[in-house]
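Convention: sequence-line order gives letters A, B, ...; per-chain numbering from 1.
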There are 2 protein chains.
Amino acid sequence: MSGPTIYDVAAAAEVATSTVSRAFSQPGRVSAATRDRVLAVAAELGYRPNPHARALLSGKHHTVAMVVSDITNPHYFELIRGAEMRARVSEYTLLLVNAEESPRVEWEQIQRLAPAVDGFMLSASRLPDENLLQIAAQRPVVLVSRELPGIASVVLDHVEGCRQIVSHLASLGHRDLLYLAGPRNSWMAGTRWAALQTAAEQAGVSVRRIGPFTPKVNQGGAAADAALNAGGATALVAHNDLLAIGVLQRLATRGVRVPDDVSVVGFDDIFAADVCTPGLTTLGGAHVDVGRAAVELLLTAGSRAPEDQPRVALPTELVLRGSTGATT
Amino acid sequence: MSGPTIYDVAAAAEVATSTVSRAFSQPGRVSAATRDRVLAVAAELGYRPNPHARALLSGKHHTVAMVVSDITNPHYFELIRGAEMRARVSEYTLLLVNAEESPRVEWEQIQRLAPAVDGFMLSASRLPDENLLQIAAQRPVVLVSRELPGIASVVLDHVEGCRQIVSHLASLGHRDLLYLAGPRNSWMAGTRWAALQTAAEQAGVSVRRIGPFTPKVNQGGAAADAALNAGGATALVAHNDLLAIGVLQRLATRGVRVPDDVSVVGFDDIFAADVCTPGLTTLGGAHVDVGRAAVELLLTAGSRAPEDQPRVALPTELVLRGSTGATT
DNA sequence: ATGAAAGCGCTAACAA
DNA sequence: TTGTTAGCGCTTTCAT
């Protein structure tokens with residue numbers, strides 16, 4: 001069943017178990033000779049330290065959990081990859097948890113895992129603030145794509161990003177923008193709306209909002225119809241690329257030309273944005289770095305007071321493709 | 001730091017620790033009255049069983065690991081989601097491991113995790129057979145998108161799938177097919193080639209092979225050029241959708257019309273295949289079910305002898321889109 | 001039906 | 001530098 005233990009190694013190497021333990025965890029505190037012998041014997045026996053026993057005693061599990069709102073959103077790929085890479089460097093294991101857009105599922109999963117992980121990264125969490133605070137009280141937490149005083153966070157700089165979008169559209173002659181909003185319980189949806197308003201005001205253009213829409217491709221049809229129905233706008237800013245792509249498809253069906261009749265912008269720069277027709281202009285950013293930074297923050301979280309939890313805002317970049325053009 | 005233990009609960013409920021333990025793990029062996037009291041007290045105290053302590057003793061970790069060859073391949077989304085869903089039903093935790101297309105990374109991660117998980121699902125493993133057998137000797141293993149005698153596996157039925165592809169192309173008048181092969185250490189690449197040959201023979205058409213190519217979009221350019229250079233073929237079958245989309249892009253750049261001049265087929269039916277222009281005809285299948293089945297098999301693996309490890313082959317479906325058409 | 005007590009594999013005092 | 005020993009939180013005989 002399970003392999004050899006330190007007892008086996010200790011017996012074979014003719015030392016005490018504590019020496020074996022030290023040889024692994026504090027190599028400096030054993031003489032080079034014994035250490036080498038212990039390691040040699042351990043290797044020969046195929047000994048592997050049991051993480052559970054270690055965790056039970058030390059309280060450290062060398063495991064962090066990343067909770068994502070919906071794992072089928074391509075946008076998470078790079079995020080996960082970045083987190084995974086950073087975790088591996090520190091020999092941490094990354095636990096991936098899918099909340100399936102359900103706050104209840106998210107909460108339950110977190111509670112279940114809490115005793116077994118060193119901390120949580122909550123990405124685009126759908127949980128209300130007070131729940132986040134509760135969790136942060138038990139375990140170190142890093143928020144991704146969300147901010148809350150008292151909890152560390154990593155986001156792409158949506159304020160600057162929305163400014164980039166609006167200024168791009170304004171420079172193309174657009175004066176009436178329409179934001180196709182994301183879900184009500186999405187912090188990002190609210191924040192983007194606020195940022196768009198500010199940016200629009202500064203740029204001297206108008207922006208309205210419709211929605212909310214679930215950010216999936218199949219919701220794009222409804223969003224496009226609603227946008228057309230609202231009328232007046234020459235540029236549509238969708239909550240994310242998935243929704244934007246759905247909008248693009250529906251507009252094509254209805255014979256509305258993009259970008260001639262209307263321009264469309266998304267968020268996230270997912271792979272498909274580069275592949276659809278026309279290519280989708282979208283606000284991207286280094287999601288890999290977001291994942292990396294989140295783990296980084298989490299691993300160093302213990303040493304910080306609740307008051308000065310860092311808020312990291314990584315730069316965005318507006319990727320111009322065919323879906324935006326000058327007004328005619 | 002850590003929460004209340006069974007001792008706290010036992011003290012508060014005025015019972016022995018073993019009673020608390022039983023109340024949770026074997027509800028039938030405690031009187032209803034005490035059980036209710038214990039559970040009530042536990043809930044009040046916010047008691048959560050420590051998974052490590054439990055695992056240490058029982059050897060069961062309630063955790064399974066899914067190793068994927070490259071997590072940025074969209075094709076894995078549904079697979080992961082299916083696995084996650086099935087695992088959650090049994091209150092298992094899904095550990096996601098990214099091998100980054102590197103056999104060395106894959107091997108190291110598996111060895112590191114081996115003592116902490118109940119089993120592995122290896123998806124499109126790049127490891128040689130003997131390594132897989134070694135791993136299977138230590139822990140239950142389910143192969144995904146790969147088969148090996150003595151180890152359980154779940155695959156989409158590529159033999160039938162390749163027959164569907166060839167017969168579709170043949171019915172459109174194609175007589176010369178070209179397979180753009182995947183990586184050399186990909187079992188799927190070899191298997192698909194064999195299945196295509198068989199199917200081609202039966203359909204009375206010819207099929208050749210070029211490659212290998214790393215199955216990424218940016219390799220599609222080289223693949224397309226090589227295909228054009230090889231000449232003669234009227235239909236290209238790419239190792240997967242990523243490669244196929246790259247091919248599509250390169251062909252467009254070079255002024256080769258799809259499907260008028262050449263037809264293109266991919267594998268996996270990733271999201272982007274429905275979004276690119278023209279839409280990509282591709283061999284899809286219920287990847288969610290593959291993920292589900294993999295976990296299912298893994299959780300019931302202990303009870304089976306090495307000889308009769310099941311090989312599950314799930315049905316494929318050829319999704320017709322614009323990238324295939326009749327020869328002119 | 002319940003309690004007492006012995007570990008699971010490892011680490012961390014404390015001694016030597 | 002190395003050994004001894006007492007647990008970490010839980011399950012599981014073995015008694016009662």
To the nearest Å, give me how far apart CD1 (A:Ile6) and C1' (C:dG9) are. 6 Å
B:His61 atom NE2 is separated from C:dG9 atom P, nearest whole Å, by 11 Å
I'd like to know if B:Ser18 reaches the base of C:dA4 with its side chain such that a donor and an acceptor end up less than 3.5 angstrom apart. yes
Under 4.0 angstrom, heavy atoms only, what part of the nucleic acid is A:Phe24 near: base, sugar-phosphate, or nothing? nothing
Quickly work out the B:Glu14 CD to C:dT2 C1' distance and round it to whole Å. 14 Å
Using the six-membered ring wherever Trp is involved, compare the ring planes of A:His52 and B:His61 and label them parallel, tilted or perpendicular (cut-offs 30° and 60°). parallel
Consider only side-chain N and O atoms of B:Arg35 and B:Ser31, and report whether a donor and an acceptor are under 3.5 Å apart. no
Is it the case that the side chains of B:Tyr47 and B:Thr5 hold a donor-acceptor pair, with the cut-off being a distance below 3.5 Å and no angle test? no
Have a look at B:Val20 and say if it touches a base, only the backbone sugar-phosphate, or nothing, with a 4.0 Å heavy-atom cut-off. nothing
May I ask you to evaluate whether B:Thr17 reaches the phosphate of C:dA4, defined as a side-chain N or O under 4.0 Å from OP1 or OP2? no
Rounded to the nearest Å, what distance is computed from the CG atom of residue A:Asp8 to the P atom of nucleotide C:dC8? 11 Å
So B:Ser153 and B:Val142, do their side chains get closer than 4.5 Å, heavy atoms only? no
Side-chain N or O of A:Gln26 closer than 4.0 Å to phosphate OP1/OP2 of C:dT11: no
From C:dT11, D:dG3, C:dA4, nucleotide with atom closest to A:Ser21 side chain: C:dT11
Between C:dC8, D:dT2, D:dG3, which nucleotide has the shortest distance from any of its atoms to the side chain of B:Leu56? C:dC8
Output yes when at least one side-chain N/O atom of A:Thr19 is less than 4.0 Å from OP1 or OP2 of D:dG3, else no. yes
Do any side-chain nitrogens or oxygens of A:Ser25 fall under 4.0 Å of OP1 or OP2 in C:dC10? no
Gap between atoms CG and C1', on A:Leu57 and C:dT11 respectively (whole Å): 4 Å
Quick one: the side chain of B:Arg22 and the base of C:dG3, do they pair up donor-acceptor inside 3.5 Å? yes
5' precedence on DNA chain C between B:Gly28 and A:Arg54 (nearest-nucleotide basis): B:Gly28
Whichever of B:Arg29 and B:Pro49 has the more 5' nearest nucleotide on DNA chain D, that residue is B:Pro49
Base, sugar-phosphate or nothing for B:Arg35? Non-hydrogen atoms, less than 4.0 Å. nothing
Check B:Glu100, B:Arg126, B:Glu101 against B:Asp70 for a side-chain contact (heavy atoms from CB on, under 4.5 Å) and give me the one that passes. B:Glu101
Ignoring backbone atoms, establish whether B:Tyr7 has a side-chain N or O less than 4.0 Å from OP1 or OP2 of C:dG3. no
